[in-house]
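Worksheet for the structure shown next.
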Amino acid sequence: MNFRKDLPESGAGKNFLKLKDKESVQGIFRGDIHELFVLWENGKARQVEEGHPDAKFRFRVNFVAKEGPSYVAKIFEQGTMVYRQLSELHEEYGLDSVIVKITRNGTGTDTTYSILPLLKQYNLKIIEHTDD
């Protein structure tokens with residue numbers, strides 16, 4: 001058998017929202033949340049069944065962010081702490097109808113994310129929508 005050695009990169013990583021320390025992005029969450037469990041091996045995650053020993057909870061949700069003059073859909077993936085934060089924000093604001101600002105603080109496993117609803121922009125959108 002002969003296999004190609006010059007395969008291009010899969011490009012899957014470019015579909016995920018990635019922020020560096022102190023970077024922020026604004027956008028809106030869209031679609032259903034996909035919950036999964038992963039095992040980390042050699043720096044890579046492998047999806048496993050719920051209840052698998054040492055498995056960690058993760059979730060993925062679409063995030064539409066403005067990049068330059070256009071909007072781009074990305075996959076936002078995180079763990080339990082951010083999931084709880086989003087759940088609470090959704091109960092209060094309805095995350096599928098409010099623009100949020102996501103900011104990363106830290107590097108590696110010492111990282112936190114703050115997610116703030118941008119209510120001034122949200123209120124402007126409501127006013128613009130009701131004037132139509």
State the CD1-CD distance between I115 and Q78, to the nearest 0.5 angstrom. 7.5 Å

Could you tell me if the side chain of T111 sits less than 4.5 Å from the side chain of N105, heavy atoms only? no

Path from L19 to V61 over hydrophobic side-chain contacts below 4.5 Å: yes

Ion pair E23/R104, N-O distance below 4.0 Å: no

Does L86 share a hydrophobic cluster with L116, counting links as ILVMFWY side-chain heavy atoms below 4.5 Å and allowing steps through other members? no

Which residue pairs pass the ring-ring contact (aromatic ring centres under 6.0 Å, His included) test with at least one member in residues 30-56, sequence neighbours excluded? F37-F57

Using a 3.5 Å distance criterion without hydrogens, assess whether the side chain of N62 forms a donor-acceptor pair with backbone atoms of G31. no

Heavy-atom nearest pair, L95 first then V100, reads CD2-CG1, 3.9 Å

Quick one: does D96's side chain get under 4.5 Å of F29's, heavy atoms only? no

Closer than 3.5 angstrom, by distance alone: can the side chain of R60 be matched with the main-chain N or O of I33 as a donor-acceptor pair? no

Kindly compute the distance separating CD (E35) from CD (E50), expressed to the nearest 0.5 Å. 8.5 Å

Do K74 and K18 have side chains that approach each other closer than 4.5 Å (heavy atoms only, starting at C-beta)? no

What is the distance from atom CZ of F59 to atom CZ of F76, rounded to the nearest 0.5 Å? 5.5 Å

Separation between CD of E41 and CG of L39, rounded to the nearest 0.5 Å: 5.5 Å

Distance-only polar pair, side chains of Y113 and Q85, donor-acceptor under 3.5 Å: no

One should read off an interatomic distance between L17 CG and I102 CD1, to the nearest 0.5 angstrom, of 5.5 Å

Linking I/L/V/M/F/W/Y whenever any side-chain heavy atoms sit under 4.5 Å apart, do Y93 and Y83 land together? yes

Out of curiosity, does L36 fall in the hydrophobic cluster containing V48 (side-chain heavy atoms, cut-off under 4.5 Å, transitive links)? no

Working to the nearest 0.5 Å, report the span between CG of N15 and CD of E77. 12.5 Å

Is there a chain of hydrophobic side chains (I, L, V, M, F, W, Y, each step under 4.5 Å between heavy atoms) that links V72 to I99? no

